[in-house]
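The chain is numbered in sequence order, starting from 1. Please read these numbers as outputs of a predicted model, since none were measured by experiment.
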Amino acid sequence: MKRVLVLILCCSLLFTTLSACQKEYNGEYIEWGENTTNSNATELLEDHNIPYEIRDGMIYIPEDTFDKAIYCCS
């Protein structure tokens with residue numbers, strides 16, 4: 001019984017730590033320069049957990065994710 005309790009405690013601690021380590025992006029949305037037609041950029045952004053908005057066919061990302069978006073999508 002004690003082992004089960006310790007295992008549950010360790011698992012919950014692990015999940016709590018991992019969820020707390022996810023970075024939240026909150027910068028002002030800036031134009032990224034990618035047109036959404038004939039582009040898989042939105043899929044790449046989703047795969048790398050980068051938030052984005054589409055306005056008038058252009059992709060906008062938070063300013064503090066710009067470097068990460070360049071690394072993952074170029």
Side-chain angles (χ1 to χ4, degrees):
M1 182 68 179
K2 207 175 202 184
R3 287 183 185 179
V4 174
L5 184 60
V6 170
L7 181 64
I8 291 172
L9 181 62
C10 288
C11 288
S12 63
L13 182 62
L14 176 69
F15 290 127
T16 303
T17 303
L18 290 176
S19 65
C21 292
Q22 291 181 341
K23 180 173 169 92
E24 284 201 29
Y25 302 107
N26 54 11
E28 177 183 342
Y29 278 77
I30 58 172
E31 185 177 322
W32 189 38
E34 289 281 332
N35 197 333
T36 56
T37 57
N38 298 328
S39 174
N40 66 341
T42 55
E43 294 173 14
L44 291 171
L45 291 172
E46 287 176 7
D47 290 344
H48 290 89
N49 298 323
I50 299 174
Y52 66 91
E53 293 178 358
I54 298 176
R55 301 180 202 156
D56 299 324
M58 297 300 285
I59 299 173
Y60 287 78
I61 61 173
E63 190 173 18
D64 53 352
T65 63
F66 195 78
D67 290 336
K68 185 176 178 182
I70 296 291
Y71 295 137
C72 82
C73 301
S74 61

Q: Kindly write out the residues that satisfy side-chain hydrogen bond (donor to acceptor under 3.5 Å, both in side chains) with Arg55, not counting sequence neighbours, or none if the list is empty.
A: Glu53
Q. Measuring from Leu45:CG to Lys68:NZ, what's the distance to the nearest 0.5 Å?
A. 10.0 Å
**Q.** Distance in Å, Thr42 OG1 paired with Asp47 CG, rounded so as to fall on 0.5 Å steps
**A.** 9.5 Å
Q) With sequence neighbours left out, what residues match Glu46 under side-chain hydrogen bond (donor to acceptor under 3.5 Å, both in side chains)? A) Tyr52
Q.
Restricting to non-hydrogen atoms, name the atom on Cys72 and the atom on Ile50 that form the minimum distance, rounded to 0.1 Å.
A. SG-CD1, 3.9 Å
Q.
Quick check for you: to the nearest 0.5 Å, what is the distance between Ile54 atom CD1 and Tyr60 atom OH?
A. 11.5 Å
**Q.** Hydrophobic cluster partners of Val4 (side-chain heavy atoms under 4.5 Å)
**A.** Ile8
Q. Where do Ile59 and Ala41 come nearest, in terms of heavy atoms and distance?
A. CD1-CB, 3.9 Å
**Q.** Heavy-atom pair of closest approach, residues Thr65 and Pro62
**A.** OG1-O, 2.7 Å
